[in-house]
Amino acid sequence: MNHITLIWIIAEKDLRIEYRSRQQAFLTTLFFALLILVIFIFAFDPGSRATRDASPGILWVALLFPGVIQLNRSFQTEIEEGTLCGMILSPVDRGVLFLGKLVANWIFLVIIDLLILLAFVIFFNFAFSSQLLWIVLLIVLASVGITGVGTIFAAMVSSIHTREVLLPILLFPILVPIILAALSGTQEILLREQMQSLNRSIQLLVGFDVIFLAAGFLLFEYVVGD
Amino acid sequence: MSWEIEHILTRSAARYLRITGWLLIPLYFLMVLALYGAFLYAPTEKVMGEVQRIFYFHVGAAWNAFLAFFGVFLGGLAYLITRKQWWDHLAAASAEIGVVFTTIVLTTGPIWAKPVWNTWWPWGDPRVMTTMVLWLIYIAYLILRSSLPEGEKKYRYCAVFGIIGFLDVPIVWFSIRWWRTIHPLVITGTGEQLEPEMIHALVVSVITFTVLYLSLLMLRMAMRLNSSVAEEVGQRLLEERVERV
């Protein structure tokens, strides 16, 4: 079997587990994101100019927090069922294992994020125009970097009982570059007429993705080393 | 761990303490010299006034913090390659020192910034923001350390986080600098020329802080070695007593 097939087998396993558990965790996470948006709408006057200016920030807060919850689940079931050991013992390269978990996390994250984006557009009264596709692209790219570091950190904290708090504490400071690039890109799309620096945002996101993916790929071996 | 190994560990801890003792002598003279340089030798800055003198301690502390975080990176990398616990001690001690000195940087900064820039916390400045993120990363590192049970797994995880954290620093710096350019500039250039006396005082201050880092590092390493030995001995005595009963 070639590497691509192996990666997909591992990712598909995670997706199937999620599907068979009647998407309960998935829906709960989504509901949490919805709640964040609603709280922001209560906190600020939704019609005002100031809220509109702050809306890219609100969107990314609503995207990041549920994302961390989803990442935390990635290794939780593996630990609970004792299946991580089995995966490590299987004749699969650690890098392949990492990429498999990463692909599953990435698919979850993108699906959740797109649904949040939908709610965001409706709540904050933005138009469904082709410009939204650029935000989708930013989400897809940012998710690569987020899962790149997120998968390795989720594996690290999975055995600690305070993992729910620990993962965002570890993850958010490291992800500052990705968040900044995605945020400024979103500001550019939602608030400005001409998008002169959107290209830069996208280029930076791709660059950060490559760095974080490479770091995760190389260091994952040391996290599941036993 | 056998008694001989513990004996060696205690001996090397004692050696670090001795090195600390020796470092304290030049440190004492350097500190007096640095204080003299900062408060008497260096001229008062024309525009900013006396508050500018905090600069010598601010830059020294920032240099120390960077040195310490490089120690975390180096310790982590060397641990993953050699699997010797000594390197983890180095990384852990460096992280503690680094967080303390970053805190000093983040406290002395606003004291200076308020009268000069008329703001405690200039969020648009890449140096301020990067230092802030650095502080958060290494506090997260210490939290990770304290949440993992003692053992080889802990050293590995901390090494991985220390490496990613250090590699993140230039990326954070770059992204904030780029991000700032599309925002209104809160602070315009502060690139005034330094007097030669000021540069002398700064150099002495940085050397002093470097020696301070080394002494603190040796002290913390000795403490870590001793406490791991103490833990091991305590465990052993407990087991022996259980066996006798």
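Every chain is numbered from 1 and lettered A, B, ... according to where its sequence line falls, protein lines coming before strand lines.
Looking at residues two or more places apart in sequence or on another chain, you find a ring pair (Phe, Tyr, Trp, His ring centres under 6.0 Å) between A/Phe172 and A/Phe65. Taking B/Tyr79 as the reference, B/Tyr155 meet the ring pair (Phe, Tyr, Trp, His ring centres under 6.0 Å) condition, with sequence neighbours excluded.
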Worksheet entry | Residue pair A/Ile152, B/Ile164: steps toward the side chain to side chain contact (heavy atoms under 4.5 Å, CB included) verdict | CA-CA 11 Å; A/Ile152 194 168; B/Ile164 295 181; 4.3 Å; yes
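Heavy-atom pairs under 4.5 Å with chain B were tallied for A/Leu170, A/Thr162, A/Leu183; the largest tally goes to A/Leu170. Of the residues considered (A/Ile174, A/Val176, A/Leu204), A/Ile174 shows the highest number of contacts with chain B, using heavy-atom pairs under 4.5 Å. Among B/Ile137, B/Ile163, B/Leu136, the residue making the largest number of heavy-atom pairs under 4.5 Å with chain A is B/Ile137.
For the atom pair CG (B/Leu167) and CZ (A/Phe212), the distance works out to 9.0 Å, reported to the nearest 0.5 Å. A distance of 8.0 Å separates OG in B/Ser147 from NE2 in A/His161, rounded to the nearest 0.5 Å.
B/Phe66 CZ: 12 or fewer foreign heavy atoms inside a 6.0 Å radius. The 12-atom threshold is exceeded at NZ of B/Lys114, counting heavy atoms of other residues, nucleotides or ligands nearer than 6.0 Å.
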Can you give the donor-acceptor pairs under 3.5 Å from side chains of residues 135-151 of chain A to other protein atoms, not counting sequence neighbours?
residue, atom, partner, partner atom, Å
A/Ser143, OG, A/Ile139, O, 2.6
A/Thr147, OG1, A/Ser143, O, 2.6
A/Thr147, OG1, A/Val144, O, 3.1
A/Thr151, OG1, A/Asn105, ND2, 3.2
A/Thr151, OG1, A/Thr147, O, 2.6

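Residues of residues 153-160 of chain A placed with any heavy atom under 4.5 Å of a heavy atom in chain B are listed by number as A/Phe153, A/Ala155, A/Met156, A/Ser159, A/Ile160.
Contacts between A/Leu166 and chain B at a heavy-atom distance below 4.5 Å involve the side chain alone, from C-beta outward. When heavy atoms are compared at a cutoff of 4.5 Å, A/Arg200 approaches chain B by way of both its backbone and its side chain. Proximity to chain B is limited to the side chain of A/Ile211, based on heavy atoms less than 4.5 angstrom apart. A/Leu219 touches chain B through backbone and side chain together, each having a heavy atom under 4.5 Å away. Contacts of A/Ile178 with chain B are absent, with no heavy-atom separation under 4.5 Å from either backbone or side chain.
Looking at every heavy atom in both residues, B/Ser175 comes nearest to A/Pro177 through OG-CA, 3.4 Å.
For the pair B/Trp135 and A/Pro173, the minimum side-chain heavy-atom distance is 4.5 Å or more.
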